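The next block holds one structure in the form of structure tokens; read it before the comments.
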Protein chains: 2
Amino acid sequence: MLEQRDRAHRSPINLSEAIIPGLCAGCGARHIGLCDALADEDLHFLASVARQTTVARGHSFAIEGDSARYFFNINAGTARLHKDLPDGRRQITGFVGPGDFVGLAADDRYTFSAEAIEDVRLCRFDRTELRGVFSRFPAIERRLLDVASHELIVAQEQMLLLGRKSAIERLASFIDGWSRRAILCGGGTDSLRLPMTRTDLADYLGLTIETVSRALSALRKQGVIEVTPDHNISVVRPHALHDIARAGA
Amino acid sequence: MLEQRDRAHRSPINLSEAIIPGLCAGCGARHIGLCDALADEDLHFLASVARQTTVARGHSFAIEGDSARYFFNINAGTARLHKDLPDGRRQITGFVGPGDFVGLAADDRYTFSAEAIEDVRLCRFDRTELRGVFSRFPAIERRLLDVASHELIVAQEQMLLLGRKSAIERLASFIDGWSRRAILCGGGTDSLRLPMTRTDLADYLGLTIETVSRALSALRKQGVIEVTPDHNISVVRPHALHDIARAGA
DNA sequence: CGCATACTTGAGCGAAATCAAGGCCTGTGG
DNA sequence: CCACAGGCCTTGATTTCGCTCAAGTATGCG
């Protein structure tokens with residue numbers, strides 16, 4: 001019986017990181033390998049339809065309108081997904097990190113752009129081969145349906161945020177969600193690393209950079225968060241933060 | 001060999017309407033049956049996990065926070081899906097009509113409420129039985145993944161609308177999309193029936209009822225649309241409407 | 001006919017956008 | 001080592017788009 005390490009060694013794909021991670025309840029798709037029971041022939045098949053690549057910070061690996069040839073699974077780093085209007089207005093629809101999928105929401109052409117905000121390592125699947133992958137690994141198709149369902153829930157929550165919440169509530173919602181994700185998927189609760197700029201935050205929350213900055217200051221003055229010198233955040237009163245996010249009580 | 005009509009007659013489910021409709025490119029999930037090759041035993045199985053019901057206008061068939069027992073497929077009528085904040089603010093995340101699915105974006109509990117804005121006839125599936133349905137009809141699972149992907153695309157487009165578009169652009173986008181849907185899925189292009197109230201429209205577009213009304217008047221004064229005496233709409237200059245929607249050129 | 005519901009329009013207000021200035025950190029070159 | 005440029009962020013002043021408050025119109029129903 002092969003060790004995980006040996007299998008990883010045989011494949012151009014690094015199996016010690018999730019190729020097809022599972023859905024971790026509460027935090028979305030992250031960190032749970034599905035690949036423990038793969039035979040050698042399965043590995044060879046996967047290697048023929050998937051390739052691991054690196055995308056440097058600032059570079060795009062999918063562009064809205066381009067032919068959607070690939071489907072991605074992020075292994076390391078963070079990327080932003082965004083849609084743009086002709087006059088330059090931008091809406092970031094999500095940030096994706098290790099374990100997340102990119103390209104579920106695709107037609108023949110990408111309906112979004114994906115850009116690395118840190119160096120990203122990812123696994124790239126040929127979309128034309130996806131049917132083949134599904135029939136060989138039915139569990140993957142099932143998993144993807146779960147992932148897609150979860151993404152729909154998140155998307156609808158974001159619509160509520162964009163359509164109906166105030167600037168402070170938007171910021172509080174984002175920090176609340178991001179810190180939960182960090183706690184569930186890594187640990188350290190004291191300082192929360194924000195790999196995205198204030199501009200990214202603004203484009204994600206439907207605000208301007210100035211309003212983001214002011215809302216952060218307001219949360220800081222209320223003693224709910226602290227802003228570290230390197231512009232990261234630490235959550236001082238998680239419960240109060242959550243109450244603001246939910247427009248609570 | 002059984003006729004479609006005979007099969008319909010044998011089942012409590014009306015098979016002449018789509019139980020599991022296909023994905024009609026461009027218009028989303030609508031009107032295309034998947035049920036032409038079903039054996040009698042399959043029909044009996046479907047009848048054991050699904051039931052056709054009616055929901056009267058104004059009534060909810062799913063409530064946010066309730067245990068998500070069912071999965072729905074709309075056969076007739078229109079419903080709104082919405083999320084609410086404790087203080088009464090409401091965001092409608094979508095309108096669903098014949099052929100659409102409700103409950104894809106569900107965890108153990110519903111993360112949205114669904115309410116009929118016209119009398120609705122729907123087919124109700126036990127979610128605990130869905131796995132069984134999928135293994136008996138793999139095509140359904142595949143179809144649902146396509147539907148979920150398409151809904152993600154639509155959701156991201158709506159995020160762009162809510163986060164970055166002006167009131168007039170929002171209205172133009174909605175009317176543009178709704179009229180395309182109407183043209184693709186039924187025909188008559190002259191008068192566009194809007195089954196939802198101005199309040200619904202406002203809650204869908206992240207605006208107030210007054211702003212919706214003013215934006216409609218503005219589009220009317222620009223000669224892009226006409227508003228009929230019964231508050232429906234007819235699109236006079238579709239191209240101009242589309243340009244406004246896309247903040248175009 | 002009277003009332004309720006839904007929609008439209010106007011006036012004034014306010015939250016966030018825009019415009020503008022200044023601070024802080026990093027890297028680069030003298 | 002310091003000087004300076006360029007990001008990135010914060011804060012202040014002013015403007016604006018859409019919200020709130022208010023009044024009036026139209027339609028449908030008992």
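Quick note on labels: first sequence line is chain A, next is B, and so on, each numbered from 1. Hydrogens, waters and symmetry mates play no part in the numbers below; they use all other heavy atoms, side chains included. Quick caveat, the model's predicted, so the values are computed rather than measured.
More than 12 heavy atoms of other residues, nucleotides or ligands shown are found within 6.0 angstrom of CZ on B:Arg220.
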| field | Trace of the side chain to side chain contact (heavy atoms under 4.5 Å, CB included) decision for A:Leu122 with A:Asn73 | value | CA-CA 6 Å; A:Leu122 53 78; A:Asn73 179 227; over 6 Å; no
| task | Go through A:Phe72 and A:Phe101 one step at a time and tell me if the ring-ring contact (aromatic ring centres under 6.0 Å, His included) criterion holds. | result | CA-CA 6 Å; A:Phe72 306 92; A:Phe101 294 96; over 10 Å; no
| request: Give the intermediate values and the outcome of salt bridge (Lys or Arg N to Asp or Glu O under 4.0 Å) for residues B:Arg90 and B:Asp84. | output: CA-CA 4 Å; B:Arg90 160 168 303 194; B:Asp84 299 278; 2.8 Å; yes
Can I get a per-line list of side-chain donor-acceptor pairs under 3.5 Å for residues 152-160 of chain A, giving both atom names and the distance, sequence neighbours left out?
residue  : atom : partner  : partner atom : Å
A:Glu157 : OE1  : B:Lys83  : NZ           : 3.0
A:Gln158 : NE2  : A:Tyr204 : O            : 3.2

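Counting only residues at least two apart or on different chains, the salt bridge (Lys or Arg N to Asp or Glu O under 4.0 Å) pairs with a member in residues 192-202 of chain A are A:Arg80-A:Asp200, A:Glu118-A:Arg193.
The closest side-chain donor-acceptor pair between A:Arg180 and A:His242 falls under 3.5 angstrom.
Looking at residues 195-205 of chain A, you'll see A:Thr197, A:Arg198 sit with a heavy atom under 4.0 Å from some atom of DNA chain D. Contacts between residues 209-220 of chain A and DNA chain D, counted as heavy-atom distances below 4.0 Å, involve A:Glu210, A:Ser213, A:Arg214, A:Ser217, A:Arg220.
Here the closest heavy-atom approach between residue A:Gly206 and residue B:Arg164 is recorded as C-NH1, 3.5 Å. The two residues A:Ala76 and A:Pro98 have their closest heavy-atom pair at CA-CG, 4.0 Å.
Think of the region where chain A sits on DNA chain C: with heavy atoms and a 4.0 Å cut, that region ends 5' and 3' at C:dA16 to C:dC19.
Distance A:Asn232 CG to D:dC8 P: 15 Å, rounded to the nearest Å. When the P atom of D:dC17 is taken as reference, atom CZ of B:Arg164 falls 16 Å away, rounded to whole Å.
A donor-acceptor pair under 3.5 Å is formed between the side chain of A:Ser179 and the backbone N or O of A:Ile175. Using a distance-only test at 3.5 Å, with no hydrogens or angles considered, no donor-acceptor pair links the side chain of A:Ser213 to the main chain of A:Ile209.
Electrostatic pairing of B:Arg89 and A:Glu169 counts as a salt bridge here, judged by a charged N lying under 4.0 Å from a carboxylate O.
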Anything under 3.5 Å between a protein N or O and an N or O of nucleotides 23-30 of chain D, put it in a table, one pair a line.
none

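The side-chain tip of B:Arg124 points at the ring of B:Tyr70 from less than 6.0 angstrom away and within 45° of straight on.
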